[in-house]
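Scroll down for the structure; my scribbles are underneath it.
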Amino acid sequence: MHTVVVGTSGVTASDVLAVARGGARVELSEEAVAALAAAREIVDALAAKPEPVYGVSTGFGALATRHISQELRAQLQRNIVRSHAAGLGPRVEREVVRALMFLRLKTVCSGHTGVRPEVARTMADVLNAGITPVVHEYGSLGCSGDLAPLSHCALTLMGEGEAEGPDGVVRPAGELLAAHGIAPVELREKEGLALLNGTDGMLGMLLMALADLELLYRSADITAALSLEALLGTDKVLAPELHAIRPHPGQGASAANMLAVLRGSELTGHHQDDAPRVQDAYSVRCAPQVAGAGRDTMAHARTVAERELASAVDNPVVLPGGTSRAFGTGGGRVESNGNFHGAPVAYVLDFLAIAAADLASIAERRTDRLLDKNRSHGLPPFLADDAGVDSGLMIAQYTQAALVSELKRLAVPASADSIPSSAMQEDHVSMGWSAARKLRTAVDNLTRVVAIELYAATRAIELREGLTPAPASQAAITAARAAGVRGPGPDRFLAPDLAAAEAFVREGRLVAAVEAVTGPLR
């Protein structure tokens, strides 16, 4: 099995996906273990001093003014985990929880949190055992980190609360740790706080959304090309020289993808035939511009994600400046900060939801055009076998329209909201977790919208008798039919075909079928 080694300098997006989705094993590098031990020396030295140090020998948040005596500090760390594990609602997906845990481990291993090496090793052991804490939908405001979700994960490390085993059965966490030979951790100064204070949940969901959207944008370029072909449109608008004079990178990539799909088609260029058109409708002609803007938004989001992956998000943090194995001489210190605020991640999560809604909207408009006999240039009403006797894809477009409407609601930014908490100490929050949760729904719905366009466009191309589609289009049609996207019939209902189309897009089989002909798309 693939192994991801966690050092002090962060991890990559592919590392997160490997652990979250692929079940990769996790190991700590020697460098990380040394940094953990060195930072812990600083925390232990500060804990022994009579002066209060935030996060080490004080309360937290609005209670930070209370100095905590040494005999109560272990209890304080346990209690912060227990009291913050206050999430409610449906369980969060396993891949999200694994990403959350792995990214917290990444920050712990930076050497800036003061957590002991044995705690970090236990985090890795829990991941490697396939134990997944039960984390709930609601509980994070995206500031001071994803507090409730991370608390439920920390509770598992303590052998408390509930978790799901590798067999998918939810049991008491203590039983699962014992079954895998993992000793529960006994938290010391600062460790409880360090396990809770990060943007790990929203970052993990951002990385997974980017991976899904990268596939979806290529899929959407393909379905846009298929719709252009089915509508007998012109591919001249995809010429590289046209996109070179408006040099947005994403636009050029989408246009190049569409052009590659349409190469060799006998259906394009008939816009001057029986019902001449000077130009195609916006939903067809402007497909690269809309999809390209989304691609460029993804590029910005990826930059933010990479910066966050290289970050050590905690409060307070251990900084160099003293005598320790990691930092040399000069004294180390623990400093309060605001790096836990989720605004950078929250904004791009919302940006991506906006882009997803618009991509779905333009795809639905193309589908509607394929079904309208007044605008489809010779196709039967609703692409039906016998219009009137059956309704063809009429209600499939209804479903698509409902999904687009929901996507528009999901595009309302969560990050524009803030609600104060902790007795007005935490008086401005990012709502980044909420932005991430709605983006996951948006990605799912966009997949379904693209799948319905695929269904309609492939059906329409097959109805263009006497004209040969592009080789890539034919490959997409053949693969879709083999995958169970069979096309409408007089005595059949559509739900199984639509579900098959969704799986065909979601699993990347559409892109694979086309790239077998075109080579890699951009």
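Just so it is clear, the model here is predicted, and its values are computed rather than measured.
- Across every non-hydrogen atom of L226 and A457, the tightest pair is CB-CB, 3.7 Å.
- Between D280 and K236, none of the side-chain N atoms (NZ, or NE/NH1/NH2) sits under 4.0 Å from a carboxylate O, so this pair counts as no salt bridge.
- When all heavy atoms of L147 and L196 are compared, the closest pair comes out as CD2-O, 3.5 Å.
- Checking S254 against R295 by side-chain atom types alone, a donor-acceptor pair falls below 3.5 Å.
- With sequence neighbours excluded, the residues that form a side-chain contact (heavy atoms from CB on, under 4.5 Å) with A256 are R522.
- Each of R366, M258, R285 was evaluated against L228; a single residue qualifies, M258, per the side chain to side chain contact (heavy atoms under 4.5 Å, CB included) test.
- Checked by atom type and distance alone, the side chain of T447 pairs as donor or acceptor with a backbone atom of V443 at under 3.5 Å.
- Partners of R509 by side chain to side chain donor-acceptor pair (under 3.5 Å), not counting sequence neighbours, listed by chain and number: E507.
- Within a 6.0 Å sphere centred on OH of Y347, heavy atoms belonging to other residues, nucleotides or ligands number 12 at most.
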- Item | Full working for side chain to side chain donor-acceptor pair (under 3.5 Å) between E31 and T8 | CA-CA 7 Å; E31 173 195 31; T8 59; 2.9 Å; yes
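- A search for salt bridge (charged side-chain N to carboxylate O under 4.0 Å, His left out) contacts involving D372 returns R375, not counting sequence neighbours.
- For H428, the ring-ring contact (aromatic ring centres under 6.0 Å, His included) test picks out H341, with sequence neighbours left out.
- Using a cut-off of 4.0 Å between Lys/Arg side-chain N and Asp/Glu carboxylate O, D350 and K438 are scored as salt-bridged.
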- Given side chain to side chain donor-acceptor pair (under 3.5 Å), test E229 with S265 step by step and report yes or no. CA-CA 8 Å; E229 195 172 21; S265 174; 2.6 Å; yes
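- With hydrogens and angles left out, the side-chain atoms of E453 and T367 include no donor and acceptor closer than 3.5 Å.
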- Apply side chain to side chain contact (heavy atoms under 4.5 Å, CB included) to the pair V6 and E27, showing each step before the final yes or no. CA-CA 6 Å; V6 183; E27 291 181 2; over 6 Å; no
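- The minimum heavy-atom distance linking S29 with G7 is given by the pair OG-CA, 3.4 Å.
- For E465, the CD atom sits in a loose shell: 12 or fewer heavy atoms of surrounding residues, nucleotides or ligands are nearer than 6.0 Å.
- Closest of all the heavy-atom pairs between D296 and H248 is OD2-CB, 3.5 Å.
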Show which side-chain atoms of residues 514-521 pair as donor or acceptor with protein atoms under 3.5 Å away, not counting sequence neighbours.
from	atom 1	to	atom 2	distance (Å)
E515	OE2	R218	NH1	3.1
E515	OE2	L521	N	2.9
T518	OG1	V514	O	3.2

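- The minimum heavy-atom distance linking L206 with L352 is given by the pair CD1-CD1, 3.6 Å.
- Residues passing the side-chain contact (heavy atoms from CB on, under 4.5 Å) test with E406 are R409, L410, N445, sequence neighbours excluded.
- A side-chain donor from one of Q474 and T478 sits under 3.5 Å from a side-chain acceptor of the other.
- The pair D385-R459 counts as a salt bridge, with a side-chain nitrogen and a carboxylate oxygen less than 4.0 angstrom apart.
- A side-chain donor-acceptor contact under 3.5 Å links T12 and D15.
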- Query: Step by step, would you call T113 with D314 a side chain to side chain donor-acceptor pair (under 3.5 Å)?
  - Reply: CA-CA 7 Å; T113 68; D314 193 15; 4.9 Å; no
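- Salt-bridge check for R91 with E164: passed, with a basic side-chain N closer than 4.0 Å to an acidic carboxylate O.
- The salt bridge (charged side-chain N to carboxylate O under 4.0 Å, His left out) test with E93 is passed by exactly one of R21, R437, R98: R437.
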